[in-house]
Amino acid sequence: MNGRASDLRSISYGGGVQSTALLVLAAQGRIDFPLFLMANVGDDSENPGTLRYVEEYARPFAAEHGIELAVLDRVKRDGTVETLWGRLTREGSRSLPIPVRMSNGAPGQRSCTADFKIKVIGKELKRRGATEATPATIGIGISVDEIHRANNRRTEPHEVITYPLLDLGLRRTDCARIIRDAGLPVPPKSSCFFCPFHRPETWHDQRRDEPELFEKSCQLEELLNERRDELGKDHVYLTRFNRPLRQAIPEGVDLLPMFDEADGACDSGYCFT
Ligand code: SF4
């Protein structure tokens, strides 16, 4: 059981549409969150557009409105920064922390969200004084249209989770309007650029608009499968189509068949917000 909530109130800031709307709502005094914590999976891992948005728009906006926006790296025990890309590509690594797709298309177990987001924010809240007896309140940017993502989160003992957009009945489209009305551009989707939860449309956009990122995603998939070959294991993929990304997302095809909503599913609310 959690005790009385402390005065420590923070948003888990992902740099995407929903949590940027929360930043505007906090600036307007419509929600009470003076602190925004962003767990950075790595400058080599996060969508570069998200990182640019945070520097160009979110940081100055937060500062102007007296809100603290802190970007947190994952720092290892030896004091060095670890990125998710670094963990995946480290020589000799057998670690497979991202939700790669198995031959049936289902995502595998992942530890990336816990290690690079949930624990990083949890550690910072502890550092700022959250305890089991006086837990911090942490607001997650899940909107009404994604309410199914709000029910699967294990709560850390020193945190109480809340969903301010659900309380206000706001949808993703409302979030975009709130951001625009505040004079800010709507941010791009936040997530690791190689995330296997991407919808096929997102991969398609990446191939067309950011070919160098798409190439890196393909190379990552190839590296993971070279290692799987050495271990005598089945191949895994970044899409659910049971074939390499380069083939699954063909170049120059503009319209793809309809895809179901299960793609892009991430139940924690720490990613894609
Ligand atoms: S965006 Fe995807 S790959 Fe990145 S931490 Fe979240 S689930 Fe893992």
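All values below were derived from every heavy atom in this structure, side-chain atoms included, with hydrogens, water molecules and symmetry-related copies excluded. This one's a predicted model, so the numbers in the text were calculated from it and none came from an experiment. Counting starts at 1 for both ligands and their atoms, following the listed order.
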What atoms in ligand 1 come closer than 4.0 Å to a heavy atom of [X]?
X: Arg110; value: 7 (S)
X: Ile98; value: 3 (S)
X: Cys271; value: 1 (S), 5 (S), 6 (Fe), 7 (S)

Query - Lys/Arg-Asp/Glu bridge criterion (N-O < 4.0 Å) met for Glu82, Lys76 - result: no
In terms of its nearest heavy atom to atom 8 (Fe) of ligand 1, the top option of Ser190, Cys112, Ala114 is Cys112
Quiz item: Can you tell if the side chain of Trp203 reaches within under 4.5 Å of the side chain of Ser217, non-hydrogen atoms only?
Solution: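 A side-chain contact exists here, since the closest heavy-atom pair is under 4.5 Å.
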query: Do Leu23 and Phe61 touch side chain to side chain, with heavy atoms closer than 4.5 Å?
result: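 The answer is yes; the side chains approach within 4.5 Å.
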Please determine if atom 6 (Fe) of ligand 1 has an N/O/S atom from Cys192 lying under 2.8 Å away.
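Checking Cys192: none of its N, O or S atoms is under 2.8 Å.
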**Q.** Minimum heavy-atom distance between Thr20 and Pro187, given as atom pair plus value
**A.**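 Scanning both residues, the minimum pair turns out to be OG1-CG, 3.7 Å.
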Cation-pi check, Arg101 to Tyr237: give yes when NZ or CZ is under 6.0 Å from the six-membered ring centre and within 45° of the ring axis, no otherwise.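 The answer is no, since Arg101 fails at least one limit relative to Tyr237.
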Would you say Cys195 has an N, O or S atom lying under 2.8 Å from atom 2 (Fe) of ligand 1?
-> yes
